[in-house]
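So the structure is just underneath, and the comments pick up after that.
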Amino acid sequence: MSTARIIIDGDEKNAFELPILTPTEGPRAIDVRQLYGKYKLFTHDPGFLSTSSCESKITFIDGDKGILRHRGYDIQDLAENCTYLEVCYLLLYGELPDEKQLADFTHTITYHTMVHEQLQFLYRGFPRRSHPMAILVGAVASLSAFYHDSLDISDPKQRDISAHRLIAKMPTLTAMAYKYSVGQPFIYPNNELDFSENFLHMLFATPCEPCKIKPALARAMNKILILHADHEQNASTSTVRLASSSQANPFACIGAGISSLWGPAHGGANEEVIKMLEEIGDVSRIPEFIQGVKDKKYRLMGFGHRVYKNYDPRAAVLKGSCDEVLEEIGVKNSKKLAIAKELERIALSDDYFVSRKLFPNVDFYSGIIYEAMGIPTELFTCLFAMARTVGWVAQWEEMFSDPDQKIGRPRQLYTGYPARKFAPVAKR
Ligand code: CMC
């Protein structure tokens, strides 16, 4: 077994060895679990820059090479060749499904898409102008009130049903959040349609008019869902894992994950990118905008990533899809796409971005596609949440097979007052 030798204060008498763990791919990890119990020391790593928080077999990222794989399969192969539900199955159960497994899984998800009728009253309690993410956080957490029959997390069958319910109902809940905000009636799921078509149908149909979803749009939606399906231990996934380490129910935990995703440094960036492109307004204003970034007045949204120090492979696929989708739906000369491409070109040749290894991430091009599809900007992060639900659920499920799983309880480097003498209020 490999070990790392730690010498405290340069004193060999205070030296000890810690085991080094070897993954199938990626950097090795020093196992510090005994550090406090045996040596009364903590590690200190705010933001988890160098900390592995769990063992996982689901997703592998090599940030330096721009590689993303799910269960060993390259993201590009999955995005080009699979349906979203095939990828869901892969993430949840570890293997790509055969035809029968896929048909059964598709049937199960399709027949869990409807939500309890009572949920519409929850929606009706929100102001019409609510941000759809505010509604979604509440709606998903509220599912724990509707599904008492699947809250026993020690039962693998109940966990599986909860997983199916979450994946199946997220599009319905997301579409309902949108319909509510524009004052239109909710549209029920249609079991004749596939996952992506059904979602677009629930968004765009009205009781007065059926809505024929263009195959190109359904294909683009399928691809976008796959590209967002999982991304190992990011902020929202770690939130789900930490929340569920206390054995909280899955609906509450996914609600916590959605809350974390909402932030502009994470999934909320897709909405911010479009606002940024609108603010820039014209290619001619890019140099001025870039100067503002360098002066640290604001960040270039959709750029940079904690793990990728190379082109985000998801952004590469989406960039290709942008031209395709815009052409298919007849949008010629998209001003936003032109600004985005020029912004990328300038940023990638500018030393500020090059030296910090800042590249476009998944959020840089997704918004342009969403917008071309007619999806309103406030809904972008909900779509991310909808796609990522399977990743959260797969990671949550993986925790139950981990013998090392414990309640998550980080420690701290206390820098406050040492003990002080208490004084009653009249003497302060
Ligand atoms: N624009 C300008 N400068 C940036 C950016 C950016 N987007 N991102 C990082 N930097 C700079 C930062 O100012 C710092 O510079 P300096 O060394 O001079 O202080 C350096 O790069 C390192 O930044 P950091 O904040 O320490 O890096 P991080 O790994 O903690 O942050 C990030 C990662 C994604 C939060 C950050 O890159 C960011 O804020 N990006 C914009 C928001 C965004 O697009 N988020 C989506 C991430 S991908 C999808 C997802 O996870 O949801």
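Remember, it's 1-based here, ligands and their atoms both numbered in the order they're listed.
- Below 3.5 Å of separation, one finds an N or O of Leu300 facing an N or O of ligand 1.
- Taking the six-membered ring wherever Trp is involved, the centroid distance between the rings of Tyr147 and His116 does not fall below 6.0 Å.
- Proximity of Asn310 to Lys357: side-chain heavy atoms (C-beta onward) are nowhere separated by under 4.5 Å.
- In this comparison of Arg299, Arg306, His228, the heavy atom closest to atom 23 (O) of ligand 1 sits on Arg299.
- For His231, the closest heavy-atom approach to ligand 1 does not fall below 4.0 Å.
- When non-hydrogen atoms are compared, ligand 1 lies under 4.0 Å from the side chain of Leu358 (C-beta onward) but not from its backbone.
- Looking at Ala265 next to ligand 1, an N or O pair under 3.5 Å apart turns up.
- Side-chain atoms of Ser260 never come within 3.5 Å of backbone atoms of Ala256 as a donor-acceptor pair (strictly under, hydrogens ignored).
- In terms of N/O distances under 3.5 Å, ligand 1 is not approached by Phe353.
- Per-atom contact check: atom 43 (C) of ligand 1 touches the protein, criterion being a heavy-atom distance below 4.0 Å.
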Next item on the list: Apply salt bridge (Lys or Arg N to Asp or Glu O under 4.0 Å) to the pair Arg33 and Asp404, showing each step before the final yes or no.
Entry: CA-CA 11 Å; Arg33 278 174 288 187; Asp404 293 334; 3.2 Å; yes

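- In summary, the aromatic rings of Tyr308 and Phe359 are positioned with their centroids too far apart to meet the 6.0 Å limit.
- Ligand 1 has no N or O atom lying under 3.5 Å from any N or O atom of Ala269, backbone or side chain.
- A heavy-atom separation below 4.0 Å is found between Val362 and ligand 1.
- Remark: ligand 1 and Asn361 share an N or O pair separated by less than 3.5 Å (distance only, no angle test).
- Considering Arg159, Arg165, Gln158 as possible partners of Ser150, the one that fulfils the side-chain hydrogen bond (donor to acceptor under 3.5 Å, both in side chains) test is Arg165.
- Every atom of ligand 1 with a heavy atom of Gly302 under 4.0 Å away is listed here by number and element: 43 (C), 44 (O).
- For ligand 1, the atoms sitting less than 4.0 Å from at least one non-hydrogen atom of Lys296 are 13 (O), 15 (O), 16 (P), 18 (O), 19 (O), numbered in the order shown with element in parentheses.
- Remark: Lys40 is positioned above the aromatic ring of Tyr36, its terminal NZ or CZ atom under 6.0 angstrom from the ring centre and at most 45 degrees off the axis.
- Distance check for atom 15 (O) of ligand 1: a protein heavy atom is found below 4.0 Å.
- Taking the ring centre of Tyr352 as origin, the terminal cationic atom of Arg356 falls inside the region bounded by 6.0 Å and 45° from the ring axis.
- Ranking protein heavy atoms by distance to atom 2 (C) of ligand 1, first place goes to Val293 CG1, 3.5 Å.
- Less than 4.0 angstrom separates atom 30 (O) of ligand 1 from at least one non-hydrogen atom of the protein.
- The shell of residues lying under 4.0 angstrom from ligand 1, judged by heavy atoms, excludes Ala235.
- Closest to atom 34 (C) of ligand 1, if we only count protein heavy atoms, is Gly304 O, 3.7 Å.
- For the pair Glu344 and Lys319, the salt-bridge criterion is met [side-chain N within less than 4.0 Å of a carboxylate O].
- Of all the heavy atoms of Arg356, the ones lying under 4.0 Å from any atom of ligand 1 belong exclusively to the side chain.
- Taking distance alone, with nitrogen or oxygen atoms compared against 3.5 Å, Phe303 approaches ligand 1 more closely than that limit.
- The shell of residues lying under 4.0 angstrom from ligand 1, judged by heavy atoms, includes Tyr352.
- A distance below 6.0 Å separates the ring centres of Tyr39 and Phe16.
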Next item on the list: Just do the ring pair (Phe, Tyr, Trp, His ring centres under 6.0 Å) check on His231 and His70 with the steps written out, would you?
Entry: CA-CA 9 Å; His231 213 233; His70 297 315; 7.9 Å; no

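- Any N or O atom pair closer than 3.5 Å counts here, and Tyr298 shares no such pair with ligand 1.
- Taking distance alone, with nitrogen or oxygen atoms compared against 3.5 Å, Lys309 stays at or beyond that limit from ligand 1.
- Remark: aromatic rings of Phe146 and Phe251 are distant, center separation not under 6.0 Å.
- Remark: minimum distance from atom 50 (C) of ligand 1 to any protein heavy atom is reached at His266 ND1, 3.3 Å.
- Close approach of ligand 1 to Gly267 is summarised as follows: ligand atoms under 4.0 Å from at least one heavy atom of the residue are 52 (O).
- Ser236 and Asn234 form a side-chain donor-acceptor contact under 3.5 Å, judged by distance and modelled atom types alone.
- Residue-ligand proximity, Asp363 to ligand 1, at heavy-atom distances under 4.0 Å covers atoms 46 (C), 48 (S), 49 (C), 50 (C), 52 (O).
- Summarising the geometry of Ala168 relative to Ile109, their closest heavy-atom pair is CB-O, 3.2 Å, with the distance given to 0.1 Å.
- Within 6.0 Å of the CZ atom in Arg409, the count of heavy atoms belonging to other residues, nucleotides or ligands does not exceed 12.
- Near Phe384, meaning under 4.0 Å from any of its heavy atoms, are these atoms of ligand 1: 52 (O).
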